[in-house]
2 protein chains.
Amino acid sequence: MKDPNNPICRTISDLLSRIGDKWSVLVVSTLAGGPRRFNELRREIPSVSQRMLTLTLRGLERDGLVSRTVTPSIPPRVDYELTSLGHSLQGPVTALTDWAIANMPEIHEAQGRFDAERDDIAA
Amino acid sequence: MKDPNNPICRTISDLLSRIGDKWSVLVVSTLAGGPRRFNELRREIPSVSQRMLTLTLRGLERDGLVSRTVTPSIPPRVDYELTSLGHSLQGPVTALTDWAIANMPEIHEAQGRFDAERDDIAA
DNA sequence: CTGTATCCGCTGAGATACTG
DNA sequence: CAGTATCTCAGCGGATACAG
């Protein structure tokens, strides 16, 4: 159970590093509203760089959470869409973000206490 | 909603970088079985380094998820324990890990397909 | 429009040695 | 026993420029 070499732990840790990365959850939750083109995603997530959006989408595509559809026209058109696997991830992720929102005050309070103590010691 | 500058998104993203880091979930799930001393945790999670265990525990403590109790004896004794906030996180995290376990085959399959295609193109 | 390629700084994380 | 300090290296991620 606690051994990172066993395949279950590795899968969990892989999933966590994916959803734990800086952009995946944001992209998935945006795509939850329906398919988007590349630059639509950029507009809806203004702070993401082109490079990171590409990398994030590739990662999600590799894991089978997002599908990528190319329409070879001029200009080219690429649509990204959640797969059913991607949609099924929404439930657990929402549970987590709801928890974060609900407990935000308590977390910030704890951080404040911790940092105040740290400063006391430093002083 | 998609703006990383708004406090809600920042809290969520902070939470994700905590539970998304390499060790936090492992530590929390170990502590779910009851309080542990520092070296007990090291023994139960053999692959964690001393440094990373310390840093992980500090982070969890700062967020109010774990409490740290020092008994100034010789040798010194320090017990780590989940707070009620820490326990309440177990539910959402379990939902996520259950999802990962349930969908592990499909994810690996998707990765296999993706990597096979990539190799085809490379060849 | 939808990417890829490159450079580069910052942080995460391991190894090792030292301290109260 | 329970840490801190320092070195080191790899990888993430931003900015920018280029390409089909």
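Below, chains carry the letters A, B, ... as their sequence lines are ordered, and counting in each starts from 1.
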(message) Side chains of B:V78 and B:T71, heavy atoms from C-beta outward: is any pair under 4.5 Å?
(response) no
(message) Rounded to whole Å, how long is the line connecting atom CD1 of B:I74 with atom P of D:dG3?
(response) 16 Å
(request) Return no unless some side-chain N or O of B:R37 is found under 4.0 Å from OP1 or OP2 of D:dC1. (result) no
(message) In whole Å, I'd like the distance from the CG atom of A:L53 to the P atom of C:dT2.
(response) 10 Å
(request) Provide, to the nearest angstrom, the distance between the CG atom belonging to A:L41 and the P atom belonging to C:dG3. (result) 10 Å
(message) If I compare all heavy atoms of B:W99 with all of A:L85, which pair ends up nearest, and what's the gap?
(response) CZ2-O, 3.6 Å
(message) Please confirm whether the shortest side-chain N or O distance from B:R68 to OP1 or OP2 of D:dG3 is below 4.0 Å.
(response) yes
(request) Using whole Å, report how far NZ of A:K22 lies from P of C:dC10. (result) 14 Å
(message) Going by side-chain contact (heavy atoms from CB on, under 4.5 Å), A:R36 matches just one of A:D79, A:L82, A:I45, A:L41. Which one?
(response) A:L41
(request) Indicate, with a heavy-atom threshold strictly under 4.0 Å, whether A:R42 touches base, sugar-phosphate, or nothing. (result) nothing
(request) Between C:dG20, C:dT4, D:dG13, spot the one nearest the side chain of B:P76, thanks. (result) C:dG20
(message) Using five base pairs at each end to define the local axes, how bent is the helix from C:dC1-D:dG20 to C:dG20-D:dC1, to the nearest 10°?
(response) 40°
(request) Would you mind telling me which of D:dG13, D:dT4, C:dT4 lies closest to the side-chain atoms of B:T54? (result) D:dT4
(message) With a cut-off of less than 4.0 Å, is there a side-chain N or O of A:R51 near OP1 or OP2 of C:dT6?
(response) no
(request) Tell me which nucleotide among C:dG14, C:dG3, D:dG14 gets nearest to the side chain of B:M52. (result) C:dG14
(message) Please confirm whether the shortest side-chain N or O distance from A:Y80 to OP1 or OP2 of C:dG3 is below 4.0 Å.
(response) yes
(request) Identify whether the distance between the nearest side-chain nitrogen and carboxylate oxygen of B:R113 and B:E117 falls below 4.0 Å. (result) no
(request) Decide yes or no for B:R62 and A:D115: does some side-chain heavy atom of the first lie under 4.5 Å from some side-chain heavy atom of the second? (result) yes
(message) What is the separation between atom CD on A:E40 and atom P on C:dC1, rounded to the nearest whole Å?
(response) 10 Å
(request) Identify the two heavy atoms, one from A:I19 and one from A:S24, that lie closest to each other, and give their separation to 0.1 Å. (result) CA-CB, 4.4 Å
(message) From CZ of A:R18 over to P of D:dG13, roughly how many Å is that when rounded to an integer?
(response) 10 Å
(request) Can you tell me the distance, in whole Å, between the CD atom of A:Q50 and the P atom of C:dT6? (result) 16 Å
(message) To check you understand the geometry: which heavy-atom pair defines the closest contact between A:A100 and B:I12, and what is its length?
(response) CB-CG1, 4.2 Å
(message) What is the distance, to the nearest angstrom, from the CG atom on A:D21 to the P atom on C:dT11?
(response) 18 Å
